[in-house]
Student: 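I have a structure I would like to understand better, so I am pasting it below and will then ask my questions one at a time.
A quick note: this is a predicted structure, and the numbers were derived from the prediction, not measured. In the text below, chain A, chain B and the rest are named by the order of the sequence lines, each starting its count at 1.
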Protein chains: 2
Amino acid sequence: MPLHMFILNANQPNRIIQSLRALSHQFSANPSFAMTGSRSDHTKGAKSPPPDDTVTQQGASPSSPASSSIAPPPPPDPAPKKRNAFLELMSPKHKSPKTAVIPADPHSHAAAKLKKGSYRGALLEYIQHPDRFPASQVLRTTPNTVLIRDAFPKATVHLLLLPRSPAHYEQHPHEALSDPAFLATIRAEAETAARLAAAELARQLSPFSASSKARNDALATGTVPYDDLPAGRDYLPEIRIGVHAHPSMAHLHVHILSRDMHSDRLKHRKHYNSFNTPFFVPLADYPLAEDDERRDSAFQNANLGRDLVCWACGKGFGNKFAELKRHLDDEFELWKKR
Amino acid sequence: MPLHMFILNANQPNRIIQSLRALSHQFSANPSFAMTGSRSDHTKGAKSPPPDDTVTQQGASPSSPASSSIAPPPPPDPAPKKRNAFLELMSPKHKSPKTAVIPADPHSHAAAKLKKGSYRGALLEYIQHPDRFPASQVLRTTPNTVLIRDAFPKATVHLLLLPRSPAHYEQHPHEALSDPAFLATIRAEAETAARLAAAELARQLSPFSASSKARNDALATGTVPYDDLPAGRDYLPEIRIGVHAHPSMAHLHVHILSRDMHSDRLKHRKHYNSFNTPFFVPLADYPLAEDDERRDSAFQNANLGRDLVCWACGKGFGNKFAELKRHLDDEFELWKKR
DNA sequence: TATTCCGATAGTGAC
DNA sequence: GTCACTATCGGAATGAG
């Protein structure tokens with residue numbers, strides 16, 4: 001189902017965000033709520049929506065209660081499979097036909113990368129066939145974007161926003177995001193995603209949060225009217241939105257992830273530095289100036305190899321990745337309790 | 001029991017060798033014979049032997065049959081211990097008192113190395129108290145030397161000859177072996193050791209040897225008079241004798257080992273190169289000329305890091321140690337069958 | 001910078 | 001080069017009929 005049309009409607013995303021903001025606020029601190037699959041009819045408020053324009057959140061029947069929270073991630077593999085876990089994840093139901101990973105323009109940015117190995121095209125299946133994935137992986141589908149869980153999350157919450165317009169997703173992020181209309185759409189969708197991520201983070205962590213204690217206690221009584229609940233910790237500032245300066249995956253993807261970098265899947269120095277140096281370009285910084293040093297390849301390579309620095313306390317760890325990892329465990333405990 | 005006297009008797013070792021040569025020839029191809037512990041009274045033929053001058057081979061009562069073969073090594077650890085296997089091996093019965101590893105002259109070569117850690121002095125216990133070790137580890141004791149199995153053999157047979165004279169064992173090999181009388185004694189003992197090693201090698205490998213087939217077949221009939229047995233493969237040329245140019249162990253030790261470099265304990269490039277580059281100095285090359293390049297430290301460091309080359313076929317393996325290891329498995333099969 | 005596997009390289013600690 | 005442990009660093013394959 002190739003997408004030939006890429007409809008930009010600056011008003012539509014805003015409306016969606018407004019709806020979700022309200023819901024996120026309502027439910028973000030309720031750990032039990034997100035346990036149910038959900039679908040938000042509030043997100044369908046866009047004007048004159050053709051069938052293609054439907055915004056869906058998977059994993060629930062139309063009759064289930066509305067929510068902007070996202071379903072909890074599946075439990076981590078207890079005993080990770082020996083081989084090809086990555087490729088299996090990328091083709092969960094069947095092997096996609098070979099033609100499915102050949103982009104429209106064989107000379108495009110994406111096509112050039114695909115020649116080196118099919119893994120680089122793994123995101124395309126999500127873009128073209130989000131319906132083939134379970135709700136635990138694909139969180140939200142719009143005509144313009146697909147929002148998925150990163151299969152190898154580098155933080156407690158780590159989502160990917162995938163634009164569906166081939167003209168854009170085959171470009172380098174710097175180029176694609178220099179298109180103002182496209183940028184506006186992606187930014188709006190990314191903010192929606194950030195709210196979902198914040199809600200999921202609240203679901204997981206607010207039980208440990210000192211600043212959420214009053215709210216948690218009130219919720220526990222079951223007697224406090226919802227509108228009278230004290231506010232809990234605001235997790236939205238803990239969510240970061242951006243792209244990698246030189247992605248390996250062929251198709252444009254925007255990272256939406258929590259600040260903590262606490263994950264078993266964070267295994268290498270480059271993993272960490274790709275999110276904690278200028279290699280990570282906040283979406284807010286686009287469009288990039290022509291002379292922005294972050295366009296420079298050599299500069300970015302140097303970033304990935306840089307000495308490790310804790311995002312929370314600024315302590316340096318040189319090349320001692322394992323030491324940083326242990327330190328991040330400690331920082332996570334502190335961060336959770338804020 | 002410090003040894004204050006170091007008696008050199010050029011004739012004695014030769015006589016020992018002659019006796020052992022005969023025995024080695026007799027029994028070297030009999031795989032079952034070496035299974036019994038043994039002691040050779042033939043090795044006691046030295047003139048005017050005081051009690052200290054007794055040559056012993058452990059592991060047998062005086063009444064057991066004479067043999068120059070050495071007892072088979074204990075089976076390799078089925079499940080190697082997690083920690084400190086090395087140190088346990090070095091102190092099999094008890095922890096030696098701290099003073100035991102302090103050499104006489106605190107400014108000696110050995111003492112300098114000992115400051116960095118006691119492992120460097122691990123050989124001293126064998127030198128001073130060979131009786132504290134089982135016969136499977138200490139093969140032969142003379143007033144001048146102790147012959148032990150290398151605890152981490154880098155070849156099918158790997159022995160260490162340890163001089164017992166502090167004045168010599170605390171020197172760098174180049175210096176100690178510039179003493180002609182000392183060199184003559186060590187050389188003679190090393191040749192004895194080489195014959196023991198050859199006999200052990202024959203015990204282990206002659207069953208696979210094509211050139212030993214006639215002898216093996218004749219032995220199997222049980223009807224051929226011993227003196228009429230066809231000769232088997234001569235394993236003595238497969239034994240190499242030498243020292244490392246820059247040993248890590250503090251006390252002088254001469255390596256006597258089979259040519260094959262086939263061992264689970266051979267784990268690093270330096271292991272291999274220390275025996276297969278000029279870093280390995282054949283005992284026959286001593287005394288070293290003043291300008292011998294093998295005295296040069298930088299040269300020797302370079303040797304340890306050199307590209308790997310198969311000793312058998314000359315094939316190069318660059319830095320691919322694992323590949324060389326697999327290749328050595330193949331070469332071992334061929335070499336066994338010669 | 002996709003992951004994973006394998007392996008080479010480097011530093012340490014041992015008392 | 002003593003060993004053994006931990007970790008860092010580096011390349012290659014990955015799909016598929």
Student: Test side chain to side chain contact (heavy atoms under 4.5 Å, CB included) on B:Arg294 and B:Gln300 and set out the steps.
Tutor: CA-CA 7 Å; B:Arg294 289 172 293 184; B:Gln300 293 297 12; 3.4 Å; yes
Student: Between B:His244 and D:dT2, does any side-chain N or O lie under 4.0 Å from OP1 or OP2?
Tutor: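 Indeed, a polar side-chain atom of B:His244 lies that close.
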Student: In whole angstrom, what separates A:Arg120's CZ from D:dA13's P?
Tutor: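 The answer, rounded to whole Å, is 14 Å.
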Student: Starting at atom NE2 of B:His271, determine the distance to atom P of C:dA8, rounded to an integer number of angstrom.
Tutor: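 After rounding, the gap between these two atoms is 14 Å.
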Student: Without decimals, in angstroms, what is the distance between A:Met249 CE and D:dT14 P?
Tutor: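 That distance rounds to 18 Å.
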Student: What I'd like to find out is whether the side chain of B:Val254 reaches to under 4.5 Å of the side chain of B:Ile186, using heavy atoms alone.
Tutor: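 B:Val254 reaches B:Ile186 side chain to side chain.
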Student: To the nearest 0.5 angstrom, please state how far the OG atom of B:Ser178 sits from the OH atom of B:Tyr286.
Tutor: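 Here the rounded value is 10.0 Å.
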Student: With pairs defined as Watson-Crick or G-U wobble and both distances under 3.5 angstrom, please note down DNA chain D as a dot-bracket string, | for pairing with another strand.
Tutor: .|||||||||||||...
Student: At under 4.0 Å, does any side-chain N or O of B:Ser248 touch on OP1 or OP2 of D:dG1?
Tutor: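 Answer is no, no contact under 4.0 Å.
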Student: Taking NE2 from B:His246 and P from D:dT2, how many angstroms apart are they, rounded to a whole number?
Tutor: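 Those two atoms, NE2 and P, are 12 Å apart.
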Student: Enumerate the residues from residues 290-302 of chain A whose closest heavy atom to DNA chain C is under 4.0 Å, giving them by residue number; use none for an empty result.
Tutor: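 By residue number: A:Asn301.
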Student: Apply the ring pair (Phe, Tyr, Trp, His ring centres under 6.0 Å) test between B:His244 and each candidate in B:His172, B:His255, B:His174, B:His253; give the one that qualifies.
Tutor: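 Exactly one pass, corresponding to B:His255.
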Student: Should the pair B:Glu175-B:Arg295 be classified as a salt bridge under the 4.0 Å nitrogen-to-oxygen rule?
Tutor: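 Looking at B:Arg295 together with B:Glu175, the answer is yes, because their closest N to O distance falls below 4.0 Å.
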Student: When you measure from the side-chain N and O atoms of A:Arg265 to the phosphate of C:dT4, is any distance below 4.0 Å, counting only OP1 and OP2?
Tutor: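 True: A:Arg265 side-chain N/O within range (under 4.0 Å) of C:dT4 OP1/OP2.
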Student: For atom CG of A:Asp330, is the number of surrounding heavy atoms from other residues, nucleotides or ligands below 6.0 Å larger than 12?
Tutor: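 Enclosed: over 12 neighbouring heavy atoms sit under 6.0 Å from CG of A:Asp330.
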Student: Under the side chain to side chain donor-acceptor pair (under 3.5 Å) rule, collect the residues that match up with A:Asp291, sequence neighbours excluded.
Tutor: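 Checked A:Asp291 against side chain to side chain donor-acceptor pair (under 3.5 Å); zero matches.
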Student: Can B:Arg240 be said to sit on top of B:Phe280's aromatic six-ring, NZ or CZ under 6.0 Å from centre and within 45° of the ring axis?
Tutor: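 Yes, B:Arg240 sits over the ring of B:Phe280.
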Student: OP1 or OP2 of D:dT2 versus the side-chain N and O atoms of B:His251: is any pair under 4.0 Å?
Tutor: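 Result: no.
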Student: Determine the contact category for A:Lys154: base if any of its heavy atoms lies under 4.0 Å from a base atom, sugar-phosphate if only primed atoms, P, OP1 or OP2 are that close, otherwise nothing.
Tutor: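 Answer is sugar-phosphate: A:Lys154 comes under 4.0 Å of backbone atoms only.
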Student: At under 4.0 Å, does any side-chain N or O of A:Ser118 touch on OP1 or OP2 of D:dG15?
Tutor: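 A:Ser118 to D:dG15 OP1/OP2: no side-chain N or O under 4.0 Å.
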Student: Without decimals, in angstroms, what is the distance between A:Ile148 CD1 and C:dA2 P?
Tutor: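 Whole-Å distance recorded here is 12 Å.
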Student: Mind calculating the distance between CZ (B:Phe152) and C1' (D:dG1) to the nearest angstrom?
Tutor: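 Checked: the CZ to C1' distance equals 14 Å.
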Student: Would you mind reading off the distance between B:Phe317 atom CZ and C:dA8 atom C1', rounded to a whole angstrom?
Tutor: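 These atoms are roughly 16 Å apart.
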Student: For B:Tyr119 and C:dA14, are the ring centres under 5.5 Å apart with planes inclined under 30°?
Tutor: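 Stack criterion met.
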Student: Which residues pass the side chain to side chain donor-acceptor pair (under 3.5 Å) test with A:His271, not counting sequence neighbours?
Tutor: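 For A:His271 there are no side chain to side chain donor-acceptor pair (under 3.5 Å) partners, ignoring immediate neighbours.
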Student: Could you walk me through whether A:Phe321 and A:Leu308 pass side chain to side chain contact (heavy atoms under 4.5 Å, CB included), step by step?
Tutor: CA-CA 7 Å; A:Phe321 179 80; A:Leu308 297 160; 3.9 Å; yes
Student: For A:Lys325 and A:Leu266, what are the C-alpha separation, side-chain angles and deciding distance, and is it a side chain to side chain contact (heavy atoms under 4.5 Å, CB included)?
Tutor: CA-CA 8 Å; A:Lys325 281 285 287 181; A:Leu266 187 89; 4.1 Å; yes
Student: Roughly how far, to the nearest 0.5 Å, is CD1 of A:Ile241 from CG of A:Leu161?
Tutor: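 A:Leu161 CG to A:Ile241 CD1: 9.0 Å, rounded to 0.5 Å.
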Student: For the side chain of A:His268, counting heavy atoms from C-beta on, which of D:dG1, C:dT4, D:dA4 is nearest?
Tutor: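 Per side-chain heavy atoms of A:His268, the pick is C:dT4.
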Student: Separation of B:Lys325 atom NZ from C:dA8 atom P, in whole Å?
Tutor: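 Spelled out: NZ on B:Lys325 to P on C:dA8 is 11 Å.
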Student: Taking DNA chain D as the partner, which of residues 272-286 of chain B come within under 4.0 angstrom of it by heavy atom?
Tutor: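 Those residues whose heavy atoms fall under 4.0 Å from DNA chain D, taken from residues 272-286 of chain B in numerical order, are B:Ser274, B:Phe279.
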Student: Could you grab the distance from atom CG of B:Leu252 to atom CG of B:Leu123, nearest 0.5 Å is fine?
Tutor: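 CG of B:Leu123 is found 9.5 Å from CG of B:Leu252.
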Student: Students often get this wrong, so: under 4.0 angstrom with heavy atoms, is A:His255 touching a base, only sugar-phosphate, or nothing?
Tutor: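 Answer is nothing: A:His255 stays at 4.0 Å or more from every strand.
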Student: Could you walk me through whether A:His251 and A:Arg120 pass the side chain to side chain contact (heavy atoms under 4.5 Å, CB included) test, one step at a time?
Tutor: CA-CA 8 Å; A:His251 303 94; A:Arg120 293 176 184 275; over 6 Å; no
Student: Measuring only the C1' atom in each nucleotide, how far is D:dG17 from C:dT3? A whole number of Å is fine.
Tutor: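 Comparing C1' positions in D:dG17 and C:dT3 gives a spacing of 24 Å.
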Student: Can you pull every protein N or O that's under 3.5 Å from an N or O on nucleotides 7-11 of chain D?
Tutor:
residue	atom	partner	partner atom	Å
D:dA7	OP1	A:Arg326	NH1	2.9
D:dT8	OP1	A:Phe321	N	2.7
D:dT8	OP1	A:Ala322	N	2.6
D:dC9	OP1	A:Arg269	NH2	2.7
D:dC9	OP1	A:Asn319	ND2	3.4
D:dC9	OP2	A:Arg269	NH2	3.2

Student: Distance check, C1' atoms only: C:dT4 and D:dG15, in whole angstrom units.
Tutor: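 The answer is 15 Å between these two C1' atoms.
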Student: Could you please name the option among C:dA2, D:dC3, D:dT2 that lies closest to any side-chain atom of B:Pro247?
Tutor: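 Looking only at side-chain atoms, B:Pro247 lies closest to D:dT2.
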Student: The side chain of A:Lys267 is closest to which nucleotide in this list: D:dC3, D:dG1, C:dT4?
Tutor: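 In terms of side-chain proximity for A:Lys267, the closest of D:dC3, D:dG1, C:dT4 is C:dT4.
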Student: With heavy-atom distances below 4.5 Å as the criterion, would you say the side chains of B:Phe317 and B:Val309 are in contact?
Tutor: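 No - every pair of side-chain heavy atoms lies 4.5 Å or more apart.
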